[in-house]
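These notes concern the structure reproduced below.
The first residue in the sequence is number 1, and the count goes up from there.
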Amino acid sequence: MPPTIIYDTRKHVGVHAERVSHVSSTNYPGHYPNEDHSWDLERFKKGLIVKIQRLSSRSIEFDLVGVDASIANAYRRILLAEVPTICVERVYIWDNTSVVVDEVLAQRIGLVPLNVDPTLMDMKQTQNDQATDRNTLVFRLQVACERRKNAPKDTTDPSKLYINHEVLSSHFNWVPQGEQEIVMADNPPAPTNPNIVLTKLRPGQGVDMELHAVKGVGKDHAKFCPVATAAYRLLPLVILNPEKPVPPELAEKFQKCFSPGVIRVDPRTKAVSVDNKKTRMETMSREVYRHPEFEGCVQLARIRDHYLFSIESEGFYPPQRLLPEAIAVMRAKIATIKRAAETLLNNGDNLGDVEMADA
């Protein structure tokens, strides 16, 4: 028999019919009388768990256990806004006779993710900084549509009638500058997806432009965001009340109130139990609360420090590298705060009024 789970307001967030309860963490000094909840490194190490549940070429799902919501949310926000990537920033259009106007086409080009390692490039401090081989990549996009000779007369398929009837991301041609050809020889810059359609052409139409890609972060523009999505939710918990079991004749109805696989029903005795390995699939729809016959039979909750992360990578980073990149950004922030605090501690009397730098 699996151990009986009891609702604990210190560890669980209560999920009720029309509200949630005990949302905030209480494990800090001074909240409970005569209890020491001061932060301890060894206790933190024992409780910290990072476990990958699913990994593919473009997405990852992992559990993060043992941290406060502020830390988990900081990682999520850093992934969205502060992990750097490389994207097209400036588009110099020499010719565009397609049906897509210059401004819209330039925006579409800027949203194309590139497979460039951001550590190989420097970030411009201002938009007007001089372009160099250390901070700018140059691509040429030159495509013209022509009618295909000897095309079948009875076809309407553009791919059989025309040459270059679509401008694709695969048409980006990298033009190395300075030492880039040597530094990036192992992984030449190119779009991560070569089949992104930018515009469509017909005979006599074409595009000719030069593209400048730079390093940036998502808080400056969404095109620099390295993820398609980065989200988390708390681990669901379904707690059955042993003092009021589900009536056998209502077992199957009770089972249908939850996501498939969460509730098990014994085929012989019709006894209801929870499959704790599959509770992560529960959507917490609260359907069970709509039925008065199940009142008092079950309590829905979430584990306050158990986060189920789901991240979809879009760009250079493989999905398993995204969390370490977010941690590196956070460590750099902490180091900056530490240096500032040490400066105030050592020279606080001589600094006078301190002006904060622009963000």
Contacts under 3.5 angstrom, residues 312-320 side chains, donor-acceptor by atom type, not counting sequence neighbours:
unit_1 : atom_1 : unit_2 : atom_2 : d
S313   : OG     : Y317   : O      : 2.4
Y317   : OH     : P84    : O      : 2.8

Using side-chain contact (heavy atoms from CB on, under 4.5 Å), reason through W174 and V138 one step at a time and then give a plain yes or no. CA-CA 6 Å; W174 176 46; V138 178; 5.9 Å; no

Please answer whether the main-chain N or O of T283 pairs with a side-chain N or O of S259 as donor and acceptor at a distance below 3.5 Å. yes

May I have the step-by-step check of side-chain contact (heavy atoms from CB on, under 4.5 Å) for V91 and I93, ending in yes or no? CA-CA 6 Å; V91 179; I93 300 176; 3.7 Å; yes

Does atom CG (L41) have a neighbourhood of more than 12 heavy atoms from anything else shown, all under 6.0 Å? yes

Would you say M281 and I239 are hydrophobically clustered, going by side-chain heavy atoms of ILVMFWY under 4.5 Å? no

Looking at D266, is its backbone amide N or carbonyl O close enough to the side chain of T269 to form a donor-acceptor pair, meaning the two atoms are under 3.5 Å apart? no

Counting only N and O atoms by type, is there a donor-acceptor contact under 3.5 Å from the side chain of Y162 to the main-chain atoms of R148? no

For K11 and D305: C-alpha separation, side-chain torsions, deciding distance, then whether salt bridge (Lys or Arg N to Asp or Glu O under 4.0 Å) applies. CA-CA 8 Å; K11 298 179 180 178; D305 66 345; over 6 Å; no

Taking atom CD as the centre, does Q127 end up with more than 12 heavy-atom neighbours from other residues, nucleotides or ligands that are less than 6.0 angstrom away? no

Distance, nearest 0.5 Å, that separates NE2 of H31 from OG of S24: 9.5 Å

Can you tell me if E181 has over 12 outside heavy atoms packed within less than 6.0 Å of its CD? no

Close aromatic pair by centroid cut-off 6.0 Å: H16 and Y289: no

Is the NZ or CZ atom of R302 both under 6.0 Å from the centre of the six-membered ring of Y307 and within 45° of that ring's axis? no

Filter on salt bridge (charged side-chain N to carboxylate O under 4.0 Å, His left out), then keep only pairs touching residues 203-213, sequence neighbours left out; what's left? R140-D208

Checking N276 against T279: is there a side-chain donor and acceptor pair closer than 3.5 Å? no

Evaluate whether atom CZ of R134 has more than 12 neighbouring non-hydrogen atoms of other residues, nucleotides or ligands under 6.0 angstrom away. no

What class does the angle between the rings of F294 and H291 fall in, given that below 30° is parallel, 30 to 60° is tilted and above 60° is perpendicular? perpendicular

Could you measure the distance from the CD1 atom of I311 to the OH atom of Y232? Nearest 0.5 Å is fine. 12.0 Å

Under 3.5 Å, is there a donor-acceptor pair between the S59 and R54 side chains? yes

Distance-only, no hydrogens or angles: does the N96 side chain make a donor-acceptor pair with backbone N or O of V100 under 3.5 Å? yes

Heavy-atom pair of closest approach, residues C87 and L114: CA-CD1, 4.2 Å

Could you tell me if T126 and N128 have a donor-acceptor pair between their side chains, going purely by distance under 3.5 Å? no

Should we count CD of E35 as having more than 12 external heavy atoms under 6.0 Å? yes

Indicate, with yes or no, if V99 and V104 share a hydrophobic cluster defined by side-chain heavy-atom contacts under 4.5 Å among Ile, Leu, Val, Met, Phe, Trp and Tyr. yes

Report the residue from L308, V13, I303 that forms a side-chain contact (heavy atoms from CB on, under 4.5 Å) with L234. V13

Is E287 atom CD crowded by more than 12 heavy atoms from other residues, nucleotides or ligands, each under 6.0 Å away? yes

Keeping T136 on the side-chain end and A131 on the backbone end, is there a donor-acceptor pair under 3.5 Å? no

Rounding to 0.5 Å, atoms CD (E61) and NZ (K51) come to a distance of 13.5 Å

Between L161 and P152 the two heavy atoms that sit nearest each other are CD2-O, 4.0 Å

Salt-bridge test for E89 and K223: reply yes if a basic N is under 4.0 Å from a carboxylate O, no otherwise. yes

side-chain contact (heavy atoms from CB on, under 4.5 Å) assessment of L300 paired with V288: CA-CA 9 Å; L300 302 182; V288 70; 4.3 Å; yes

At what distance, to the nearest 0.5 angstrom, does CD of Q180 lie from OG1 of T132? 8.5 Å

Go through the steps for T336 and R339 under the test side-chain contact (heavy atoms from CB on, under 4.5 Å), then give the verdict. CA-CA 5 Å; T336 301; R339 289 194 300 269; 3.4 Å; yes

Does E18 form a salt bridge (Lys or Arg N to Asp or Glu O under 4.0 Å) with R286? I'd like the steps, not just the answer. CA-CA 9 Å; E18 296 182 358; R286 315 184 200 193; over 6 Å; no

Inspect the contact between E249 and K270 and indicate whether a charged nitrogen and a carboxylate oxygen are less than 4.0 angstrom apart. no

Spacing of CG belonging to L344 relative to CD belonging to E342, to within rounding of 0.5 Å: 10.5 Å

Crowding at CD, Q177 (>12 non-hydrogen neighbours, <6.0 Å): yes

Starting from V50, can I reach I52 by hopping between I/L/V/M/F/W/Y residues whose side chains sit under 4.5 Å apart? yes

Starting at CD1 of I109, measure out to CG of L198 and round the result to the nearest 0.5 Å. 5.5 Å

Verify, without hydrogens or angle tests, whether N241 (side chain) and G296 (backbone) share a donor-acceptor contact under 3.5 angstrom. yes

Are V183 and V116 connected in a single hydrophobic cluster, I mean Ile/Leu/Val/Met/Phe/Trp/Tyr linked by side-chain heavy atoms less than 4.5 Å apart? yes

Would you please test K333 and E82 for salt bridge (Lys or Arg N to Asp or Glu O under 4.0 Å) and show each step? CA-CA 11 Å; K333 289 174 174 288; E82 298 188 64; 2.8 Å; yes

Take atom NZ in K244; do more than 12 heavy atoms of anything else shown fall under 6.0 Å from it? yes

State, without any angle test, whether D36 and S38 hold a side-chain donor-acceptor pair at a distance under 3.5 Å. yes

Side-chain H-bond candidate by donor/acceptor type, N135 with D122, under 3.5 Å: no

